[in-house]
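Computed over heavy atoms, backbone and side chain alike; hydrogens, waters and symmetry mates excluded.
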Amino acid sequence: MKEYVVAILGATGAVGQRLISELEHAQIPVKEVKLLASKNSAGKKLKFKNQEIKVEEARPESFNGVDLVLSSAGGTVSQKLLPEAVKRGAVCVDNTSAFRMADDVPLIVPGVNDDQLVNHHGIIANPNCSTIQMVAALYPLHVKWGIKQIIVSTYQAVSGAGKAAWEELLKQAQDRLNNQETEAKILPTASAKKHYPMAFNLLPQIDVFEDDGYTHEEWKMIHETKKILCNDQDSQQIKVTATCVRVPVEIGHGETVYFVLKDKSVTTAAIQHEIKKTPELVLQDDPQNQIYPQPLLAAGKKETFVGRIRPDQENPGAFNMWVVADNLLRGAASNTVEIAECLVRDNLVHVPK
């Protein structure tokens, strides 16, 4: 059995550390692990299967002899270093938005469209965390009955904006409880002209605004969904719209998903049955006993949780549901490692010539 040299780029970050943990339990024969990060993090020591490994500064030559790269170091770093890794024969699974919309880069959710991996040219993209959990929940329904339209509103955890954003939120909350003045420097997005407190607040802006009034996060959800389900980011086969909101939760994105099926005879019970039998989906849908997905209960778990499935009483064939998943695990590290597992399984860990 072939063994692989695996590099984790961005190893010291929140997602990077989860990548290490997920790789420990993955169906990937690992010969050697290289941990790569910025110059500031070089020299730190992290563990992989009880083996202490020193973090190296990520440079182009770091990828010499590497078979697989699992990357979560930011879009700018990915754009700079991943093509260098590919030149050296490595296949890269990237957890940033750097390559998601490139025509020659597969955008993959395992169990949904991993058949597209055969088309890779050395780089595979991991979708946006909010897109992953929604598409995972909708895919079995799309296969069975066909989806015409999706309207999604997200309730996204602060950890999606990074560790510093969460630490700022905690300070704001304490300041508010102590009746002290507080300040905001990070949210809704670091590059914004204005910043607002996150504690005891909701921010209907994630990422920057586009000219049409949608945020870039909303744009990503719309076009990534089309690319994954229809293999065309501008497809008109499914109409998609999104509103993305940051909420003062640490880990776990929630989504209200309204979807319209082509088959108007579908029942709630039939949808629940499809969700229940689909691997990595967990049905939590018992309103009489107040059982429904919650971020606190989803944190640390790799599954996507689905509940509150109910029909639109005014529109036959249309339904609402509530979807929750750990954005750092299901929406990032777990999906990335599962893509790598698919590459190994299908003997695709090589750069096509």
Point to revise | Side-chain donor-acceptor pair present, Q116, N113, cut-off under 3.5 Å | key: no

**Study point:** Side-chain (H253) to main-chain (A325) donor-acceptor, under 3.5 angstrom
**Key:** no

Review point. Of all heavy-atom pairs between K148 and K262, which one has the smallest distance, and what is that distance?
Key: CG-CG, 3.3 Å

Check your understanding: For Y214 and T241, does a side-chain donor sit closer than 3.5 Å to a side-chain acceptor?
Key -> yes

Review point. Hey, are D285 and Y292 close enough side-chain-wise for a donor-acceptor pair under 3.5 Å?
Key: no

Check your understanding: Heavy atoms, side chains only, cut-off 4.5 Å: are V6 and V66 in contact?
Key -> no

Check your understanding: Does Q237 have any side-chain hydrogen bond (donor to acceptor under 3.5 Å, both in side chains) partners at least two apart in sequence or in another chain, and if so, which?
Key -> none

Check your understanding: Are any of the side-chain heavy atoms of F259 and M321 separated by less than 4.5 Å?
Key -> yes

Check your understanding: Does V282 offer a backbone N or O that forms a donor-acceptor pair with the side chain of K276 under 3.5 Å?
Key -> no

Exercise for review: Kindly give the heavy-atom pair with the smallest separation between C244 and T154, and that separation in Å.
Suggested key: CA-OG1, 3.0 Å

Review point. Do any N or O atoms from the side chain of R100 and from the backbone of N126 form a donor-acceptor pair under 3.5 angstrom?
Key: yes

Point to revise | Flag if over 12 foreign heavy atoms under 6.0 Å of CG, D104 | key: yes

Exercise for review: Would you tell me whether T215 and E217 have side-chain atoms, one donor and one acceptor, within less than 3.5 Å of each other?
Suggested key: no

Point to revise | E57/R59 salt bridge by N-O under 4.0 Å criterion | key: yes

Review point. Is E341 reaching over with its side chain to a backbone N or O of Q27, donor-acceptor style, under 3.5 angstrom?
Key: yes

Check your understanding: Do the side-chain N and O atoms of R310 and N320 include a donor-acceptor pair separated by under 3.5 angstrom?
Key -> no

**Study point:** S71 backbone acceptor or donor facing N95 side chain under 3.5 Å
**Key:** no

Review point. Is there side-chain contact between V118 and D115, with heavy atoms separated by less than 4.5 Å?
Key: no

Check your understanding: Any sub-3.5 Å donor-acceptor pair from N327's side-chain atoms to G254's backbone N or O?
Key -> no

**Study point:** E224 side chain to N128 backbone, donor-acceptor under 3.5 Å
**Key:** yes

Practice item. Check the pair K226 / V240 against side chain to side chain contact (heavy atoms under 4.5 Å, CB included), numbers first and verdict last. Key: CA-CA 8 Å; K226 290 171 180 279; V240 185; 4.3 Å; yes

Exercise for review: Kindly compute the distance separating CG (L107) from OG (S97), expressed to the nearest 0.5 Å.
Suggested key: 11.0 Å

Practice item. Compare all side-chain heavy atoms of Q288 with those of D286 and state whether any distance is below 4.5 angstrom. Key: yes

Review point. So do V109 and Y139 actually touch side chain to side chain, heavy atoms under 4.5 Å?
Key: no

**Study point:** Heavy-atom check, side chain of R176 versus side chain of F200, under 4.5 Å
**Key:** yes

Practice item. Step by step, work out the salt bridge (charged side-chain N to carboxylate O under 4.0 Å, His left out) result for K171 and E183. Key: CA-CA 9 Å; K171 185 179 186 307; E183 61 179 358; 5.9 Å; no

Review point. For the residue pair T243 and E218, what are the closest heavy atoms and their distance?
Key: CA-OE2, 3.4 Å

Check your understanding: Can you say whether the rings of Y155 and W322 are parallel (under 30°), tilted (30 to 60°) or perpendicular (over 60°)?
Key -> perpendicular

Review point. Between S38 and N40, do the side chains contain an N or O donor and an N or O acceptor separated by less than 3.5 Å?
Key: no

Review point. So how far is it from K49 NZ to L23 CG, rounded to the nearest 0.5 Å?
Key: 7.5 Å

Review point. If you round to the nearest 0.5 Å, how far is OG of S21 from NZ of K47?
Key: 13.5 Å

Check your understanding: Do L297 and V323 sit in the same hydrophobic cluster, where Ile, Leu, Val, Met, Phe, Trp and Tyr count as joined when their side-chain heavy atoms come under 4.5 Å apart?
Key -> no

Review point. Should I151 and M134 be regarded as members of a common hydrophobic cluster, given that ILVMFWY residues are connected when their side-chain heavy atoms come within less than 4.5 Å of each other, either directly or indirectly?
Key: no

Review point. If two hydrophobic side chains count as joined below 4.5 Å and joins carry through other members, does V158 share a cluster with I251?
Key: no

Exercise for review: Decide yes or no on side-chain hydrogen bond (donor to acceptor under 3.5 Å, both in side chains) for Q156 and S130, but give the supporting numbers first.
Suggested key: CA-CA 8 Å; Q156 296 181 224; S130 298; 3.3 Å; yes

Check your understanding: Does D114 use its side chain to pair, donor to acceptor, with the backbone of G111 at less than 3.5 Å?
Key -> yes

**Study point:** Shared hydrophobic cluster for I339 and L9 (ILVMFWY, side-chain gaps under 4.5 Å)
**Key:** yes

Point to revise | Heavy-atom neighbours of R308 CZ exceed 12 at 6.0 Å | key: no

Practice item. Might you confirm whether atom CD of Q79 has over 12 heavy atoms from other residues, nucleotides or ligands at distances under 6.0 Å? Key: yes

Check your understanding: Within a radius of less than 6.0 Å around CG of L296, do more than 12 heavy atoms belonging to other residues, nucleotides or ligands occur?
Key -> no

Point to revise | Lys/Arg-Asp/Glu bridge criterion (N-O < 4.0 Å) met for R330, E338 | key: yes

Study note, to complete from the structure: Heavy-atom closest pair (A58 atom, L81 atom, distance to 0.1 Å) is CB-CD1, 3.7 Å

Review point. Can you check whether V208's main-chain N or O pairs, donor with acceptor, with H216's side chain at less than 3.5 Å?
Key: no

Review point. Quick one: OG1 on T12 to NZ on K44, what's the gap to the nearest 0.5 Å?
Key: 5.0 Å

Exercise for review: Can you see which heavy atom on P293 is nearest to which on Q284, and at what distance?
Suggested key: CA-OE1, 3.2 Å

Review point. How about L343 and V93: do any of their side-chain heavy atoms sit closer than 4.5 Å?
Key: yes

Revision key, fill the gap. side-chain contact (heavy atoms from CB on, under 4.5 Å) test vs P127 passes for just one of I108, V135, V112, I228, namely I228

Show me the side-chain donor-acceptor pairs of residues 187-197 shorter than 3.5 Å, one per line, residues at least two apart or across chains.
residue, atom, partner, partner atom, Å
H195, NE2, K185, O, 3.4
H195, NE2, T189, O, 3.2
H195, NE2, A190, O, 3.2

Practice item. Quick one: pull up CG in N335 and CD in Q133 and give me the separation to the nearest 0.5 Å. Key: 11.0 Å

Review point. Checking salt bridge (charged side-chain N to carboxylate O under 4.0 Å, His left out) for the pair K87/E84: CA distance, chi angles, key distance, verdict?
Key: CA-CA 5 Å; K87 286 179 185 177; E84 293 293 335; 3.5 Å; yes

Check your understanding: Taking a hydrophobic cluster as the set of Ile, Leu, Val, Met, Phe, Trp and Tyr residues connected by side-chain heavy atoms closer than 4.5 Å, whether directly or through intermediates, do V337 and I8 fall within one such cluster?
Key -> yes

**Study point:** Heavy-atom closest pair, residues H142 and I238
**Key:** CE1-CD1, 3.7 Å

Review point. Are any side-chain N or O atoms of D346 and backbone N or O atoms of L348, one a donor and one an acceptor, separated by less than 3.5 Å?
Key: no

Check your understanding: How many angstroms lie between CG in L82 and SG in C92, if you round to the nearest 0.5 Å?
Key -> 4.5 Å

Point to revise | T96 side chain reached by S72 side chain, heavy atoms, under 4.5 Å | key: no

Practice item. Would you please test Y4 and I28 for side chain to side chain contact (heavy atoms under 4.5 Å, CB included) and show each step? Key: CA-CA 8 Å; Y4 298 89; I28 299 173; 4.3 Å; yes

Practice item. Count the heavy atoms belonging to other residues, nucleotides or ligands that lie under 6.0 Å from CD of Q180, then report whether that count exceeds 12. Key: yes

